[in-house]
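Everything on this sheet refers to the single structure shown next.
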Amino acid sequence: MSHPNHPHPNIFDVDTDRFQAEVLDASRSYPILVDFWADWCAPCRALSPHLERVIEDLDGQVRLAKLEVDEGENMRQAGHYKVRGFPTVILFWEGRELSRFSGARSRYQIREWLQQHLVLSGDIETHNKPIQTK
């Protein structure tokens with residue numbers, strides 16, 4: 001599932017063709033954030049390093065799929081989820097949308113948002129607790 005554009009194994013690019021398998025089906029095993037972004041979008045570029053840092057800190061508890069809306073048929077995927085602005089981040093768990101946010105946020109805000117929806121290990125240095133929805 002890891003793609004060569006991202007050095008971290010829990011961060012990968014996704015497109016419409018792979019969305020079902022790599023996001024919806026995979027979210028039955030672990031939560032997946034989908035970052036709907038565009039290259040021309042300054043807030044998207046501001047958000048990306050914060051999302052990636054959170055994913056790195058969580059060390060496999062949550063994965064990040066990046067969907068570039070201007071590539072191929074990806075805008076249709078954004079339309080399917082009624083994404084109206086970029087960036088929009090949607091949290092998928094057990095094959096369905098659990099929550100979303102739009103706009104740039106700090107890594108602390110992202111982490112807090114995730115903790116509102118998932119039970120993550122309290123100490124990001126220790127990852128031995130299973131993830132659950134609240």
Which heavy-atom pair separates [X] from [Y] by the least distance, and what is that distance?
| X | Y | result |
| --- | --- | --- |
| T16 | N74 | N-OD1, 3.0 Å |
| P43 | P87 | CB-CD, 3.7 Å |
| P31 | Q61 | CD-O, 3.3 Å |
| D35 | V89 | OD1-CG2, 4.1 Å |
| V23 | A65 | CG2-CB, 4.0 Å |
| I32 | E22 | CD1-O, 3.3 Å |

Test item: Q77 and L67 side chains (from C-beta on) under 4.5 Å apart, heavy atoms: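 Yes. Closest side-chain heavy atoms under 4.5 Å.
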Using a 4.5 Å cut-off on heavy atoms from C-beta on, say whether the side chain of D39 contacts that of E68.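 Yes, side chains in contact.
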Let me check something: do I55 and Y108 share a hydrophobic cluster, defined by ILVMFWY side-chain heavy atoms less than 4.5 Å apart, either directly or through other members?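 No, it is not one cluster - the side chains of I55 and Y108 are not joined through contacts under 4.5 Å.
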Single-linkage hydrophobic cluster W37~V34, side-chain heavy atoms < 4.5 angstrom: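 Looking at the clustering, V34 is in a separate group from W37.
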Working to the nearest 0.5 angstrom, can you tell me the gap between [X] [atom1] and [Y] [atom2]?
| X | Y | atom1 | atom2 | result |
| --- | --- | --- | --- | --- |
| R84 | F36 | CZ | CZ | 12.0 Å |
| S106 | L47 | OG | CG | 10.0 Å |
| L64 | L91 | CG | CG | 11.0 Å |
| L24 | R18 | CG | CZ | 13.5 Å |
| L98 | W93 | CG | CH2 | 9.5 Å |
| R96 | I90 | CZ | CD1 | 13.5 Å |

Looking only at the side chains, is there a donor atom on one of H117 and S99 sitting less than 3.5 Å from an acceptor on the other?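 H117 vs S99: donor-acceptor pair found between side chains.
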Would D25 and Q20 count as having a side-chain donor-acceptor pair, cut-off 3.5 Å?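 Yes.
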R107 and D57 ion-paired at < 4.0 Å: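 Salt bridge flag = yes for D57 with R107.
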Hey, are R53 and E56 close enough for a salt bridge, meaning a charged N less than 4.0 Å from a carboxylate O?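 No salt bridge links R53 with E56.
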Over 12 non-hydrogen atoms of neighbours within 6.0 angstrom of CZ in R100: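 Atom CZ in R100 is crowded, with more than 12 foreign heavy atoms closer than 6.0 Å.
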Hey, what's the ring geometry for F19 with Y81, parallel, tilted or perpendicular (30° and 60° as the breaks)?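 Answer is tilted, since the angle falls between 30° and 60°.
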Evaluate the side chain to side chain contact (heavy atoms under 4.5 Å, CB included) criterion for residues E73 and D15: first the C-alpha distance (whole Å), next the side-chain angles of each, then the deciding distance (0.1 Å), finally the verdict. CA-CA 8 Å; E73 297 293 314; D15 61 21; over 6 Å; no
Using the side chain to side chain contact (heavy atoms under 4.5 Å, CB included) rule, take D70 and M75 through it: C-alpha gap first, then chi angles, then the decisive distance, then the call. CA-CA 6 Å; D70 288 334; M75 187 59 82; 4.0 Å; yes
Residue from E52, H50, R45 passing side chain to side chain donor-acceptor pair (under 3.5 Å) with S48: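 Between S48 and the candidates, side chain to side chain donor-acceptor pair (under 3.5 Å) is satisfied uniquely by E52.
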Check: Y30 ring centre within less than 6.0 Å of F92 ring centre: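 Distance test on ring centres: not under 6.0 Å, no.
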Any donor and acceptor pair, going by atom type alone, linking the side chain of R28 with main-chain N or O of E94 inside 3.5 Å?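 The answer is yes, because a donor-acceptor pair under 3.5 Å joins these two groups.
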